[in-house]
Amino acid sequence: MAPVLEFPLNVGQIDDVQELKKSQKTKIPNRFVRDLSERPMLPITALPFSSSIPVIDLAKLMKGNKEEFHYEILKLSASCEEWGFFQVINHEINLDLLDKIEKVATEFFMLPVEEKQKYPMAPGTVQGYGQAFVFSEDQKLDWCNMFALGLVPHSIRNPKLWPTNPPMFSDTVETYSTEIRKLCKHLLQFIALSLGLNGNVFEEMFGESVQAIRMNYYPACPRPDLVLGLSPHSDGSALTVLQQGKGNAVGLQILKNNTWVPIQPVPNALVINIGDTVEVLTNGRYKSSEHRAVTHKQKDRLSIVTFYAPSYDIEIGPMPEMVDERSPSKYRRYNHGEYSRHYVTNKLQGKKTLDFAKIAPETV
Ligand SMILES: COC(=O)C(/C=C/C1=C(C)CCCC1(C)C)=C/O[C@H]1C=C(C)C(=O)O1
Ligand SMILES: O=C(O)CCC(=O)C(=O)O
Ligand SMILES: [Fe+2]
């Protein structure tokens with residue numbers, strides 16, 4: 001199933017942000033200037049909770065003793081309930097591979113714009129090079145260039161969008177994605193255990209999980225106070241794995257208690273967040289938190305993001321173990337393919353996309 005819009009869209013002129021930057025103008029085009037209520041508060045680095053996102057040691061879950069395992073599982077459960085985010089260390093992914101994907105992604109974004117535009121993201125679609133989630137002429141744009149590919153199942157791949165340059169790009173994406181897929185499977189097992197469920201419950205339910213990768217390149221911006229790198233949203237996936245470029249600016253922020261909390265990168269860690277699907281399956285116990293990216297005046301930033309989601313064929317709804325008299329069902333049952341289509345055909349707008357699944361949107 002290709003989740004695309006079927007009518008022609010007029011999205012207006014979408015400027016390539018790296019090219020805008022090269023033109024050395026300090027004036028930000030109006031389409032990137034956010035309304036006052038949406039503008040980020042700067043400085044962005046020293047807010048009170050900035051170091052609070054929990055760090056989970058996967059080694060303690062995979063091969064720790066009983067006490068270590070128990071402690072880490074409790075930490076995992078608290079992270080998913082309170083933050084919907086955590087960072088994972090000792091994730092068993094070769095650090096050279098993390099460097100390599102960052103290298104090929106950076107090389108790709110450094111190519112001449114004409115080369116990158118050989119893989120265009122058509123309006124209303126989410127794969128290729130450009131800006132996703134733009135549906136109208138008057139929609140504000142993100143200060144970001146994106147490149148995204150569907151990976152699994154093979155039927156969602158568009159071979160025309162796989163770059164031949166840099167030469168190692170496609171092979172590196174394949175190797176990286178295989179490793180990240182294993183990590184997602186392990187994390188979902190521990191997430192199930194942290195809920196008191198059978199460790200295989202998600203994998204058995206998901207069928208052949210959908211996997212996609214998106215590389216986000218946020219050039220430095222002369223007016224980071226006026227723009228957003230990426231609009232506020234929650235992810236439609238079950239789980240998202242985010243790799244932040246080494247030595248980059250801090251840019252990811254999570255909305256917690258009505259405050260945008262910056263995520264300080266931990267060396268060699270991967271950021272994990274709970275997506276809408278796990279929020280629905282757990283009947284809201286584990287949160288798919290709203291997040292966004294902001295830009296930096298001097299430094300560029302790269303993030304490499306993997307979305308891991310159930311097969312489009314499966315039906316989703318709160319798991320019976322997560323529903324009782326005190327916690328009645330907050331979400332209806334629906335087909336994940338339909339949710340996916342709904343997600344990719346609407347602009348990123350906080351957690352609004354999840355209204356699709358809510359029984360009483362205003363009360364959850
Ligand atoms: C911000 O989220 C996304 O960009 C995104 C897109 C994912 C996809 C591709 C880049 C190509 C193949 C299809 C797919 C929709 C998976 C998020 O992915 C989430 C959203 C849904 C829904 C989902 O299943 O994964
Ligand atoms: O770049 C980031 O830190 C955020 C990326 C993100 O949230 C996404 O791609 O869905
Ligand atoms: Fe996201």
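Computation of the quantities below employed the complete heavy-atom set of this structure, encompassing side-chain atoms and omitting hydrogens, waters and symmetry-equivalent molecules. As the structure lists them, so they are numbered: ligands from 1, and atoms in each ligand from 1.
- Not a single heavy atom of F356 lies less than 4.0 angstrom from ligand 1.
- Residue contact check for ligand 1: F133 places a non-hydrogen atom closer than 4.0 Å to it.
- Closest to atom 3 (O) of ligand 2, if we only count protein heavy atoms, is R301 NH2, 2.8 Å.
- Of all the atoms in ligand 1, the ones that sit under 4.0 Å from a non-hydrogen atom of Q127 are 11 (C), 12 (C).
- Heavy-atom contacts of S340 reach the following atoms of ligand 1: 15 (C), 22 (C) (cutoff under 4.0 Å).
- Near L252, meaning under 4.0 Å from any of its heavy atoms, are these atoms of ligand 2: 3 (O), 4 (C).
- When heavy-atom distances to ligand 1 are checked against a 4.0 Å cut-off, A212 comes that close only through its side chain, counted from C-beta outward.
- Between Q244 and ligand 2 there is no heavy-atom distance shorter than 4.0 Å.
- Here the CG atom belonging to L270 is positioned 8.5 Å from the CG atom belonging to L242, to the nearest 0.5 angstrom.
- Taking every non-hydrogen atom of H291 and a distance limit under 4.0 Å, the qualifying atoms of ligand 2 come out as 7 (O).
- Atoms of ligand 2 found under 4.0 Å from any heavy atom of R214 (numbered from 1 in listed order, with element): 8 (C), 9 (O), 10 (O).
- Around NZ of K352, the count of heavy atoms belonging to other residues, nucleotides or ligands within 6.0 Å does not exceed 12.
- In summary, of the residues considered (D15, L20, D16), a side chain to side chain contact (heavy atoms under 4.5 Å, CB included) with Q18 occurs for D16 alone.
- Close N/O approach between D235 and ligand 1 is not found [any backbone or side-chain N/O within under 3.5 Å].
- Contacts with ligand 2 closer than 4.0 Å are made by side-chain heavy atoms of D235 only, the backbone lying farther away.
- Nearest protein neighbour of atom 6 (C) of ligand 2, counting heavy atoms only, is L230 CD2, 3.3 Å.
- Under the 4.0 angstrom criterion for non-hydrogen atoms, H233 is in contact with ligand 2.
- Remark: L195 CG to M319 CE distance equals 6.0 Å, nearest 0.5 Å.
- The atoms of ligand 1 that sit less than 4.0 Å from any heavy atom of V210 are 16 (C).
- A salt bridge does not link K287 to E279: none of the charged side-chain nitrogens sits closer than 4.0 Å to a carboxylate oxygen.
- Within H291, the N, O or S atom at minimum distance from the Fe ion (ligand 3) carries the name NE2.
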Next on the checklist: Please evaluate residues F169 and F108 with respect to the criterion ring pair (Phe, Tyr, Trp, His ring centres under 6.0 Å), reporting the C-alpha separation (whole Å), side-chain torsions for both, the decisive distance (0.1 Å), and the verdict.
Outcome noted: CA-CA 8 Å; F169 187 93; F108 176 79; 5.5 Å; yes
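- With the Fe ion (ligand 3) as the vertex, OD1 of D235 and NE2 of H233 span 90° to the nearest 10°.
- Short contacts between ligand 1 and V344, defined as distances under 4.0 Å to a heavy atom of the residue, involve ligand atoms 15 (C).
- An N or O contact shorter than 3.5 Å links H336 to ligand 1 by distance.
- A salt bridge does not link E67 with K60: none of the charged nitrogens is closer than 4.0 Å to a carboxylate oxygen.
- Under the 30°/60° scheme for interplanar angles, the aromatic rings of F147 and Y119 are found to stand perpendicular.
- Of the protein's heavy atoms, L242 CD1, 3.6 Å lies nearest to atom 4 (C) of ligand 2.
- Ligand 2 places these atoms under 4.0 Å from at least one heavy atom of Y218: 1 (O), 2 (C), 4 (C), 5 (C).
- D142 has a carboxylate O that lies under 4.0 Å from a charged side-chain N of R34, or vice versa, which qualifies the two as a salt bridge.
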Item to check | From CA spacing to verdict: ring pair (Phe, Tyr, Trp, His ring centres under 6.0 Å), F85, H291 | outcome: CA-CA 10 Å; F85 267 84; H291 53 286; 5.3 Å; yes
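- Side-chain N/O atoms of D276 and Y339 include a donor and acceptor closer than 3.5 Å.
- Each of F32, Y217, Y218 was checked for a ring pair (Phe, Tyr, Trp, His ring centres under 6.0 Å) with W143, and the lone residue meeting it is F32.
- Donor-acceptor pairing under 3.5 Å is recorded for the side chains of N216 and R214.
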